[in-house]
Structures are given as structure tokens and as C-alpha cells.
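Comments concern the structure below.
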Amino acid sequence: MSGELPDYYFRVRENGAFVFRVDTENRQRRIEMDQIAVINIKNGQVKPHGDRDLSDEDARVIKEWMDARTELLARRDIDDIHRAVDYLNLTTHWAQSRATDEQLEDVTDALLLAMHDLRSVLVRKKADRLLSGDTDED
């Protein structure tokens, strides 16, 4: 490893992370990671590990990580949606140009229901935004 290691390590998990304090200042010059907390990013909960108390510095670093992680996940969500639009376009091209009758029979009902559901939600949300005046289309 090169360079200096960070003071904290966040092991990402499904709904957040385990937080470790990194220590290299020991007699063996080994990297030691001491778990200090568990984070739930969905509800904002931070639970100190065991019977420990988090320092102000621990709390500050954890909050900064949670804010950055929330922002990253939001960017990933919108990127996934842009990819879904691309997939819909590719699916349209496939259905029009290459799909066999059997392939179309296999996917048509599922696609139509999913697209109907999506369209219903989008139309309802668009109407809600228009009625409340919260549009970016002005």
C-alpha cells in the first residue's frame, strides 16, 4: 500500500455501512480496524458499536460520509433511469427489427403491463406537478 491510510473506513452494506477507525500506530505496524458504529442510511440512524461513545470527530466524519453516500446513491438512481430509457429504445428497435413471433409472444404481455403501470404513474405525477405549479417547463 502506498500513501497514508484514512482514519476511518466504511464497509458498505445494503442499507448503510459498518464504520471502522483505522489504526496503524501500533508496535507491530499492522493495520488494525476497530469497528465503532453501524449506519443505516435509509433512516439516518447511527448506532455506536458495543458500549462505546462516538467522539465529536467520529460523528462529524460519519455525517459527512452519510451525506456524500446519499448524494452518490441519488446520482446512481437517476443514472439507472436514464439507462432504462435507453433499454426501452433498444427494446423497441429489437421488437421492430429482429424479434421472432415466439420471442414477442414471450415478452409482450409483461412489457405492456409494465409500460402501462409506468405510464399511469408518470401521467399522475405530471398532473400533480402541473396542478401544484412545480414544473420546470415554464
Side-chain angles (χ1 to χ4, degrees):
M1 288 187 176
S2 64
E4 220 173 285
L5 293 174
D7 293 330
Y8 296 88
Y9 172 72
F10 295 82
R11 182 194 304 152
V12 175
R13 63 189 187 109
E14 183 71 27
N15 292 325
F18 296 107
V19 185
F20 297 87
R21 193 174 295 122
V22 178
D23 177 21
T24 57
E25 301 295 322
N26 54 63
R27 285 188 290 149
Q28 295 85 15
R29 307 285 283 164
R30 292 185 179 165
I31 299 171
E32 292 181 6
M33 297 193 322
D34 183 27
Q35 185 176 351
I36 62 169
V38 177
I39 297 171
N40 184 320
I41 204 84
K42 296 205 186 267
N43 65 15
Q45 192 173 52
V46 177
K47 290 183 182 177
H49 183 70
D51 60 353
R52 75 177 61 244
D53 292 320
L54 298 178
S55 70
D56 290 343
E57 176 69 4
D58 295 337
R60 182 189 64 75
V61 169
I62 289 169
K63 171 131 179 38
E64 286 176 0
W65 183 88
M66 290 175 71
D67 291 345
R69 182 70 179 172
T70 300
E71 183 180 319
L72 173 66
L73 293 174
R75 282 195 319 264
R76 285 181 181 171
D77 276 350
I78 197 68
D79 190 50
D80 287 345
I81 300 308
H82 286 292
R83 283 191 180 106
V85 172
D86 287 348
Y87 287 133
L88 284 171
N89 285 312
L90 292 168
T91 302
T92 302
H93 182 70
W94 168 82
Q96 185 173 26
S97 63
R98 295 190 320 272
T100 66
D101 288 344
E102 294 82 22
Q103 289 171 323
L104 287 171
E105 187 62 35
D106 187 42
V107 298
T108 295
D109 290 343
L111 280 170
L112 287 173
L113 287 170
M115 290 187 312
H116 175 74
D117 185 29
L118 176 59
R119 182 183 185 284
S120 297
V121 169
L122 292 175
V123 167
R124 185 175 60 251
K125 292 285 198 171
K126 177 89 172 189
D128 290 348
R129 288 193 314 275
L130 289 172
L131 290 174
S132 69
D134 293 342
T135 66
D136 293 333
E137 297 178 8
D138 297 327

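Because the structure is a prediction, the values reported are computed rather than measured.
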- With Arg11 as the cation and Phe20 as the aromatic partner, state whether NZ or CZ is under 6.0 Å from the six-membered ring centre and within 45° of the axis. no
- Message: I'd like to know if the side chain of Asp67 pairs up with that of Thr70 as donor and acceptor (distance under 3.5 Å, no hydrogens or angles considered).
- Response: no
- Task: To the nearest 0.5 angstrom, please state how far the NZ atom of Lys125 sits from the CG atom of Asp128.
- Result: 6.5 Å
- Query: Taking Arg13 for the side chain and Ile39 for the main chain, is one N or O donor matched with an acceptor at less than 3.5 Å?
  - Reply: yes
- Message: With a 4.5 Å cut-off on side-chain heavy-atom distances among I, L, V, M, F, W and Y, is there a chain of contacts connecting Val12 to Ile41?
- Response: yes
- Message: When you group the ILVMFWY residues by side-chain heavy-atom contacts below 4.5 Å and let the links chain together, are Val46 and Val38 in the same group?
- Response: no
- Query: Is the shortest distance from a Lys or Arg side-chain nitrogen in Asp56 or Arg60 to a carboxylate oxygen in the other one below 4.0 Å?
  - Reply: no
- Could you state the interatomic distance from CD (Gln45) to CE (Met66), rounded to the nearest 0.5 Å? 9.0 Å
- Message: Could you measure the distance from the OG1 atom of Thr92 to the CE atom of Met115? Nearest 0.5 Å is fine.
- Response: 7.0 Å
- Counting only heavy atoms not in Asn15, do more than 12 sit closer than 6.0 Å to its CG atom? yes
- Heavy-atom side-chain contact between Lys126 and Arg129 under 4.5 Å: yes
- Task: Look at the side-chain heavy atoms of Ile, Leu, Val, Met, Phe, Trp and Tyr, link any pair under 4.5 Å apart, and say whether Ile36 and Tyr9 land in one connected group.
- Result: no
- Report yes or no: do Trp65 and Leu54 belong to one cluster of Ile/Leu/Val/Met/Phe/Trp/Tyr joined by side chain heavy-atom distances under 4.5 Å? yes
- Message: Does any part of the side chain of Leu113, heavy atoms only, come nearer than 4.5 Å to the side chain of Asp117, both counted from C-beta?
- Response: no
- Task: Identify which one of Arg52, His49, Arg21 satisfies the side chain to side chain donor-acceptor pair (under 3.5 Å) criterion when paired with Asp34.
- Result: Arg52
- Audit row: Asp58, Ser55, side chain to side chain donor-acceptor pair (under 3.5 Å) steps and yes/no: CA-CA 5 Å; Asp58 295 337; Ser55 70; 3.2 Å; yes
- Note on the structure: Rounded to the nearest 0.5 angstrom, the OH-CD distance for Tyr8 and Glu64 is 10.5 Å
- Item | Side-chain touch Phe10/Arg69, heavy atoms, less than 4.5 angstrom | no
- Salt-bridge contact Arg76-Asp80 (side-chain N to carboxylate O under 4.0 Å): no
- Between CD1 of Ile31 and CG of Leu5, what distance do you get to the nearest 0.5 Å? 4.5 Å
- Here the gap from Ile78 atom CD1 to Leu73 atom CG, rounded to the nearest 0.5 Å, amounts to 13.5 Å
